[in-house]
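Reviewing the structure listed below.
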Amino acid sequence: MPGADGEDEEEEMPLSLRLSIADTLTLGNATCGFMAVYFTTTGILIPHLTGSDHSAGMARHSAATAVILMLCAAVFDLFDGLVARKLRSSPMGAELDNLSDLISFGLAPAYFVLVYGMVADDAHQRVAALGAVVVLLAVVLRLARFSCVTMKNGMFQGMPSPFGALTVVSIVLLELPFVATLLAILGTAWLMVSRVEYPKPRGRLAVAMLSWIVLSMGLLAAWAFDAPSGQLLLQTGCALQLVMGAVIPLFATARRVNNFRDNRREARAAQLP
């Protein structure tokens with residue numbers, strides 16, 4: 001009947017509220033970020049404030065769990081983009097992605113820095129809190145600019161927020177002196193809002209990034225369970241994360257310079273009779 005058909009159309013969920021497979025992965029990203037904050041609070045901050053026994057072992061396991069959850073969030077963030085390009089994303093997919101990234105790669109690492117400033121022996125709590133705020137604001141500005149600025153295909157302007165978040169927590173896990181830690185964190189925040197170009201993780205680069213994430217999870221697990229040389233392996237992985245953050249844009253810059261030189265040569269060749 002005509003009336004029944006009209007009621008079915010009215011009861012049908014609007015297109016803008018339907019979640020796609022990519023959106024579900026994006027929500028998994030947000031969930032991992034929130035749970036990272038949870039484990040940082042319950043396993044590191046609360047035992048420190050209450051003076052619970054065996055808090056050092058609990059802190060190590062909880063810190064590893066929190067960082068592994070951030071790594072899982074990065075995996076979700078990697079795959080939701082791939083799935084969205086292959087299949088489809090809902091009209092609110094881009095907004096969901098930015099909000100989820102803010103939780104997992106803005107709030108979670110900033111909170112990790114804040115708690116580090118409260119529990120580390122040589123840290124200054126208020127200064128660490130300032131560093132945490134800088135990290136959070138850098139991610140907010142980076143995500144806002146990503147929504148407004150159109151870059152050429154295959155490139156990001158500024159360090160991507162997942163890579164920046166993992167770099168920040170790697171700096172904390174290296175257990176450097178407080179001043180060096182803070183300066184490295186501020187430098188990472190600057191890279192996220194800078195105009196330095198980073199390649200998008202596609203093709204072989206996406207496979208390499210996924211392999212690095214899996215390897216990082218293994219290093220964290222070895223450290224959490226106090227495996228032989230686990231501490232050394234973790235510090236090596238964290239140091240490599242910092243090196244990659246500094247070196248990767250150099251390759252992009254070198255490629256841009258080579259393309260510029262090739263274009264100049266072609267222009268000169270075209271002007272010759």
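No experiment lies behind these values; they were computed from the predicted model shown.
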If you look at every heavy atom in [X] and [Y], which pair is closest and at what distance?
| X | Y | value |
| --- | --- | --- |
| Pro201 | Met209 | CB-SD, 3.8 Å |
| Cys238 | Leu173 | SG-CB, 3.8 Å |
| Met192 | Ala138 | CE-CB, 4.2 Å |

* To do: Classify the angle between the aromatic ring planes of Phe178 and His124 as parallel (below 30°), tilted (30 to 60°) or perpendicular (above 60°).
  =>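 The rings of Phe178 and His124 stand perpendicular, inter-plane angle above 60°.
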* **Side-chain (Arg145) to main-chain (Gln157) donor-acceptor, under 3.5 angstrom** =>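 At least one qualifying donor-acceptor pair exists.
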* **Short side-chain to backbone donor-acceptor contact, Ser100 and Thr26, under 3.5 Å** =>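 Present.
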To the nearest 0.5 Å, what is the distance between [atom1] ([X]) and [atom2] ([Y])?
| X | Y | atom1 | atom2 | answer |
| --- | --- | --- | --- | --- |
| Leu210 | Leu78 | CG | CG | 6.5 Å |
| Ser216 | Leu166 | OG | CG | 7.5 Å |
| Leu49 | Ile44 | CG | CD1 | 11.5 Å |

* **Single hit among Asn29, Val135, Val168 for side-chain contact (heavy atoms from CB on, under 4.5 Å) with Phe105** =>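 Looking at Asn29, Val135, Val168, the match for Phe105 under the side-chain contact (heavy atoms from CB on, under 4.5 Å) is Asn29.
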* Take atom CG of Leu233 as the centre, draw a 6.0 Å sphere, and report whether it contains more than 12 heavy atoms from other residues, nucleotides or ligands. =>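 Yes, the 6.0 Å shell around CG holds more than 12 heavy atoms from other groups.
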Is there a side-chain contact between [X] and [Y] (heavy atoms, below 4.5 Å)?
| X | Y | answer |
| --- | --- | --- |
| Tyr116 | Thr181 | yes |
| Leu182 | Val127 | yes |
| Arg60 | Phe225 | no |
| Asp97 | Asp77 | yes |
| Cys72 | Met217 | yes |
| Thr167 | Leu191 | no |

* To do: Measure centre to centre between the rings of Phe39 and His61, then say whether the value is under 6.0 Å.
  =>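 So the answer is no for these two rings.
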* When you check the side-chain N and O atoms of Gln235 and Trp223, is any donor under 3.5 Å from an acceptor? ->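 No pair is found: no donor N or O on one side chain lies under 3.5 Å from an acceptor on the other.
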* Answer with yes or no whether the hydrophobic clustering places Met35 together with Leu114; edges join I, L, V, M, F, W, Y residues whose side-chain heavy atoms lie under 4.5 Å apart. =>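 They do not share one cluster, since no chain of ILVMFWY contacts under 4.5 Å joins Met35 to Leu114.
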